[in-house]
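What you see below is based on every heavy atom in this structure, not just the backbone, and it leaves out hydrogens, waters and symmetry mates. Keep in mind it's a predicted model, so treat the numbers as computed, not measured. Starting from 1, each residue takes its place in the sequence as its number.
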Amino acid sequence: MPINPTHAFVTLASEQFDQLVEFYHALLGLSPAPRLLNSYAEFQLSGLRLGIFKPKADHQDEFAGAGGGMSVCLEVEDLESAIATLTQIGYPPSGEITQASHGREIYAYDPDGNRLILHQST
């Protein structure tokens with residue numbers, strides 16, 4: 001039987017909470033709302049809510065390390081402009097733009113090493 005969710009969103013656990021919130025603020029040009037001091041911030045995007053939280057002390061090991069197979073995929077209208085923004089805020093993409101069947105894309109990483117896939121449709 002399906003769970004019938006009413007909403008879905010991505011969350012990133014981080015010990016570097018303030019740094020990660022500032023990164024996504026600079027990258028997205030949005031202020032988080034709601035934002036709870038040193039514990040939770042949420043960015044409302046079209047079709048997605050991105051939540052960032054600081055894990056409780058007894059759960060830190062569960063969220064340690066790189067994001068594994070999880071990626072934050074952001075579709076953009078101008079890939080070069082998005083690359084310039086990442087570079088300006090100190091996190092330039094690590095590789096070259098690639099051509100995929102669905103458009104052009106490039107990988108980058110946030111301050112915690114979570115993978116970002118910036119994608120521009122063709």
Side-chain angles (χ1 to χ4, degrees):
M1 172 172 265
I3 62 170
N4 297 321
T6 59
H7 295 87
F9 61 102
V10 173
T11 61
L12 303 173
S14 179
E15 283 299 308
Q16 302 178 81
F17 176 79
D18 290 328
Q19 184 180 7
L20 205 61
V21 170
E22 185 54 37
F23 171 84
Y24 282 100
H25 170 71
L27 178 65
L28 302 172
L30 299 172
S31 294
R35 179 167 184 173
L36 306 175
L37 189 61
N38 296 320
S39 64
Y40 186 78
E42 186 174 292
F43 293 92
Q44 305 277 333
L45 304 166
S46 177
L48 173 72
R49 290 174 17 216
L50 174 62
I52 301 169
F53 68 99
K54 184 172 184 175
K56 296 184 187 290
D58 59 341
H59 288 113
Q60 289 175 356
D61 289 344
E62 182 176 344
F63 295 100
M70 195 279 307
S71 299
V72 176
C73 301
L74 301 170
E75 185 165 355
V76 298
E77 291 184 17
D78 182 350
L79 189 57
E80 284 76 11
S81 178
I83 292 168
T85 298
L86 280 165
T87 302
Q88 179 182 357
I89 63 176
Y91 295 88
S94 57
E96 300 294 321
I97 295 172
T98 60
Q99 184 67 45
S101 61
H102 51 273
R104 302 180 325 134
E105 64 184 30
I106 195 162
Y107 293 171
Y109 297 87
D110 70 17
D112 273 351
N114 297 301
R115 182 184 312 104
L116 304 174
I117 301 174
L118 300 177
H119 162 76
Q120 180 179 344
S121 293
T122 51

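Evaluation of the side-chain hydrogen bond (donor to acceptor under 3.5 Å, both in side chains) test over residues 76-85, restricted to residues two or more places apart or in two chains, returns Glu80-Arg104.
Glu105 places no side-chain N or O within 3.5 Å of a backbone atom of Thr98 that could act as its donor or acceptor partner.
With values rounded to the nearest 0.5 angstrom, Glu42 atom CD is found 13.5 Å from Ser31 atom OG. Separation of atoms CG (Leu12) and CG (Asn114) is listed at 4.5 Å; rounding is to 0.5 Å. To the nearest 0.5 Å, atoms CD (Glu75) and OG (Ser46) are separated by 10.0 Å. The CZ atom of Phe43 sits 13.5 Å away from the CZ atom of Arg49 when rounded to the nearest 0.5 Å. The CG atom of Leu79 lies 9.5 Å from the NE2 atom of His119; values are rounded to the nearest 0.5 Å.
What you find for Ser94 and Tyr109 is that their closest heavy atoms are OG-CE1, 3.8 Å. When all heavy atoms of Ala82 and Leu118 are compared, the pair lying nearest together is CB-CD1, 4.0 Å. The two residues Ala108 and Pro93 come nearest to each other via the heavy atoms CB-CA, 4.0 Å.
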Acceptor/donor pairs from residues 17-27 side chains to any protein atom, 3.5 angstrom cut, sequence neighbours excluded:
unit_1	atom_1	unit_2	atom_2	d
Asp18	OD1	Arg35	NH2	3.3
Gln19	NE2	Tyr91	OH	2.9
Tyr24	OH	Asp110	OD2	2.8
His25	ND1	Leu30	O	2.7

Verify side-chain contact (heavy atoms from CB on, under 4.5 Å) between Ile52 and Thr11, making sure each step is shown before the conclusion.
-> CA-CA 5 Å; Ile52 301 169; Thr11 61; over 6 Å; no

- Message: Could you go through Ile117 and Val72, starting from their C-alpha distance and side-chain angles, then the distance that decides it, and tell me whether this counts as side-chain contact (heavy atoms from CB on, under 4.5 Å)?
- Response: CA-CA 6 Å; Ile117 301 174; Val72 176; over 6 Å; no

- Criterion side-chain contact (heavy atoms from CB on, under 4.5 Å) on Leu74 and Leu28, from CA distance to verdict: CA-CA 10 Å; Leu74 301 170; Leu28 302 172; 4.2 Å; yes

Note to self: Checking Gln99 against Thr122 for the side-chain contact (heavy atoms from CB on, under 4.5 Å) test, could you report, in this order, the C-alpha distance in whole Å, the side-chain angles of both residues, the deciding distance, and whether it holds?
What the structure shows: CA-CA 10 Å; Gln99 184 67 45; Thr122 51; 3.7 Å; yes

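A 6.0 Å sphere centred on CD of Gln88 holds no more than 12 heavy atoms belonging to other residues, nucleotides or ligands.
Side-chain contact between Asp112 and Ser14 is present, with at least one heavy-atom pair separated by less than 4.5 Å.
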